[in-house]
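In what follows, every heavy atom counts, from backbone to side chain, and hydrogens, waters and symmetry copies are set aside.
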Amino acid sequence: ENAMSVYPNPTSGSSTLEWNLDNHEIIERNFSKTEVILIDPDGREIRRIPIHGICNHKQIALDLNGLPSGIYLLEIQSEQGITLKKFVKQ
């Protein structure tokens, strides 16, 4: 079962990253060490989004305007490990 989801997928401009309550509690306890990394189709890191300061939410908005079309990855890093989510930018 996936604990996190990205929607809409595919997207043309913005998406939402959402996690379930169990992951939310983990992120909230360890928010200072949790971040989301946006990776382009060539495997390059193009943006880091720290979770601290927004840890009281179960979702964050991802502004993808200006990015070229392609398959991207969101890498969520925390003390519990790394989770990868793939999405398509149209």
Report yes if some heavy atom in the side chain of [X] is under 4.5 Å from a heavy atom in the side chain of [Y]; otherwise report no.
X     : Y     : value
Leu64 : Phe87 : yes
Leu84 : Ile76 : no
Thr11 : Val6  : no

Return the [atom1] to [atom2] distance between [X] and [Y], rounded to the nearest 0.5 Å.
X     : Y     : atom1 : atom2 : value
Tyr7  : Lys85 : OH    : NZ    : 13.0 Å
Leu17 : Leu38 : CG    : CG    : 11.0 Å
Glu75 : Ile82 : CD    : CD1   : 4.5 Å
Leu74 : Ile60 : CG    : CD1   : 8.0 Å

Inset, instruction - Could you identify which residues cluster with Ile37, counting Ile, Leu, Val, Met, Phe, Trp and Tyr as linked when any side-chain heavy atoms lie under 4.5 Å apart, either directly or through a chain of such contacts? - result: Ile39, Leu73

Inset, instruction - Kindly write out the residues that satisfy side-chain hydrogen bond (donor to acceptor under 3.5 Å, both in side chains) with Asp40, not counting sequence neighbours, or none if the list is empty. - result: Arg44

Inset, instruction - Mark yes or no for whether Lys89, through its side chain, and Tyr72, through its backbone, hold a donor-acceptor pair below 3.5 Å. - result: no

Legend entry - Test item: Ser15 side-chain N/O and Pro8 main-chain N/O as donor-acceptor pair under 3.5 Å: yes

Legend entry - Path from Val36 to Ile46 over hydrophobic side-chain contacts below 4.5 Å: yes

Legend entry - Residues which pass side-chain contact (heavy atoms from CB on, under 4.5 Å) with Pro10, listed by chain and number, not counting sequence neighbours: Val88, Gln90

Legend entry - Shortest non-hydrogen separation from Leu67 to Arg47 and the atoms involved: CD2-NH2, 4.5 Å

